[in-house]
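First up is the structure itself, then whatever we jot down about it.
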2 protein chains.
Amino acid sequence: MTRGRPIAFSPDAATNAAMQVFWARGYESASTRDLLEAMNISRSSLYQAFGNKEQLFLETLRRYRGNLIGQLNRRLEASPSAMAFLEGLFGETAREAGSERAGLGCLIFNSASELGQRGDLAASEARRSVEAITGLFQEAVMRAQAEGDIAADRDSLALATYLTLGMAGLRTLLKSGADRAQVEAAAQLLLDTLR
Amino acid sequence: MTRGRPIAFSPDAATNAAMQVFWARGYESASTRDLLEAMNISRSSLYQAFGNKEQLFLETLRRYRGNLIGQLNRRLEASPSAMAFLEGLFGETAREAGSERAGLGCLIFNSASELGQRGDLAASEARRSVEAITGLFQEAVMRAQAEGDIAADRDSLALATYLTLGMAGLRTLLKSGADRAQVEAAAQLLLDTLR
DNA sequence: TGATTTATGGACTGATCGGTACTAAATTCC
DNA sequence: GGAATTTAGTACCGATCAGTCCATAAATCA
């Protein structure tokens, strides 16, 4: 049996709460006070359980990545076609234009933009997360090629990088409050390239 | 004649120095000490000449936008064709991959990403700057249509929004340290859509 | 029950934040 | 040469930053 006073909070729920804070405010602007309040734990518990702010951030970013990639993978598998999956994903994202959700962006692209040029762990974790998105897109592209929706002789990695670029750009447009109709039209143009 | 002690620094040069700081570090992470050191002026001079940190940022962002749009306009005018201008612009940007310059990104897209969802002046100035980029792209698209490189019946604003999305995504890819060959291939795919 | 172990609450730390206040310096006008 | 005016230097302000420390609480084990 484990000895000592038992932990009084769910590390899982606390990590999720921290994720929301980093997502909405960014890494540097998220203060430890913001985090403590959202996680509803004491300062000593945070440092005891997570080490420090950077490690907590790494934990939340890895979880976000795991959640996102897992969810997208399931959705891809459940889709009638990989092309339908991509159309659904980009279409839905574009339709967020003007909503409160649009302002949040994606934690991965937010982090890549904020931390990209730093040489630390957080930066490389952001990089890996972007690569994970490209990896998922490549799977989708290859399946779309197998299904005959994309020509088999096209470079799947180049197309996947193009889709990552597209999603990152889409997220930036949404953050800058772009008009919904224009964003939807631009997303449509993005997907037309695949055909 | 103006009375009193004359200013001992060039507001122009100081603004440029501040721009570099905001560009490299972002708005929130750029401390007034960073700014003072780069601008090589005293604290009182900063507040006397620029008001406060936010106003200084607005000044630098407006200048960056003016410089960028002006330079791109001149380059567009000097280009043999609008399509060649776009190809040159996206090609050159993609070729930055891996360089130190790539980590900096673009002050406008950096600001849109960092400040997008805030409701203040800085956020709306970032928004206007993104719109200015779209405006420039629309001019290029319309000229390319007049020159027969883009079908005249296509929606120039939608294409321009698509190009803004593309440049924003390209900048994010560069920041995340993406492989140069892949970035170049993705940029090529972006431009293929126009034809 | 009492020794041991772990978690919690929160006071505290030194550093840094953006911004202000006040004095000294440098100029023009009379 | 003052008087007036503007800039420059810097000490200082309260607030906040990430992180530490320590007394206390809550559990297990003997």
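Sequence lines set the chain letters: A, B, ... in the order given, protein chains first and strands last, and positions in each chain run from 1. Only a predicted model underlies this, so the values are computations on that prediction, with no experimental measurement involved. Side-chain atoms are counted along with the backbone in the values below, which use heavy atoms only and exclude waters and symmetry mates.
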**OP:** Would you mind listing every side chain to side chain donor-acceptor pair (under 3.5 Å) that reaches into residues 154-174 of chain B, with sequence neighbours excluded?
**Re:** A/Tyr162-B/Tyr162, B/Glu96-B/Arg171, B/Thr134-B/Thr164, B/Gln138-B/Ser156, B/Tyr162-B/Thr193
Subject >> Rounded interatomic separation in angstrom, taking CG from B/Leu46 and P from C/dT20 >> reply: 12 Å
**OP:** Give the rounded distance in Å between these two atoms: CD of A/Gln55 and P of D/dA18.
**Re:** 15 Å
Original post:
For C/dC17, does either OP1 or OP2 sit under 4.0 Å from a side-chain N or O belonging to B/Ser31?
Top reply: yes
Subject >> Any residue of residues 7-29 of chain B with a heavy atom less than 4.0 Å from an atom of DNA chain D >> reply: B/Ile7, B/Ala8, B/Phe9
Original post:
Whole Å only: how far is the CD1 atom of B/Ile41 from the C1' atom of D/dT10?
Top reply: 14 Å
Original post:
Nucleotide by nucleotide, 5' to 3', does protein get under 4.0 Å of the base (B), only the sugar-phosphate (S), or neither (-) in nucleotides 19-24 of chain D, counting heavy atoms?
Top reply: BB----
Original post:
According to a strict under-4.0 Å criterion, is A/Ser42 in side-chain N/O contact with OP1 or OP2 of C/dG9?
Top reply: yes
Subject >> Residues forming a side-chain contact (heavy atoms from CB on, under 4.5 Å) with B/Leu36, sequence neighbours excluded >> reply: B/Ile41, B/Arg43, B/Leu46
**OP:** List for me each residue that meets ring pair (Phe, Tyr, Trp, His ring centres under 6.0 Å) alongside B/Phe90, sequence neighbours excluded, and say none if there are none.
**Re:** B/Phe137
Subject >> Residue pairs fulfilling side chain to side chain donor-acceptor pair (under 3.5 Å) with at least one residue in residues 77-87 of chain A, sequence neighbours excluded >> reply: A/Glu87-A/Arg195
Subject >> Test side-chain contact (heavy atoms from CB on, under 4.5 Å) applied to B/Ile69 - qualifying residues, sequence neighbours left out >> reply: B/Arg65, B/Asn73, B/Ala132, B/Ile133, B/Leu136
Pairwise N/O distances under 3.5 Å, protein to nucleotides 1-4 of chain C:
unit_1 : atom_1 : unit_2 : atom_2 : d
C/dT4  : O3'    : A/Arg3 : NH2    : 3.3

**OP:** Could you state the atom-to-atom distance from CG of B/Leu35 to P of C/dT16 in whole Å?
**Re:** 16 Å
**OP:** Please list all pairs passing the ring-ring contact (aromatic ring centres under 6.0 Å, His included) test where one or both residues lie in residues 171-195 of chain A, with sequence neighbours left out.
**Re:** none
Original post:
Should the heavy atoms of other residues, nucleotides or ligands under 6.0 Å from CZ of B/Arg33 be counted, would the total exceed 12?
Top reply: no
Original post:
Tell me: CG of A/Leu36 to C1' of C/dA11, nearest whole Å?
Top reply: 14 Å
Subject >> Residues which pass side-chain contact (heavy atoms from CB on, under 4.5 Å) with A/Ala94, listed by chain and number, not counting sequence neighbours >> reply: A/Leu170, A/Val183, A/Glu184, A/Ala187
Subject >> Sequence-distant partners of B/Glu100, side-chain contact (heavy atoms from CB on, under 4.5 Å), two or more places apart >> reply: none
Original post:
Does A/Lys53 count as lying over the ring of A/Phe22, i.e. NZ or CZ under 6.0 Å from the six-ring centre, within 45 degrees of the axis?
Top reply: no
**OP:** Using ring pair (Phe, Tyr, Trp, His ring centres under 6.0 Å) as the criterion, list what pairs up with A/Tyr64, not counting sequence neighbours.
**Re:** A/Trp23
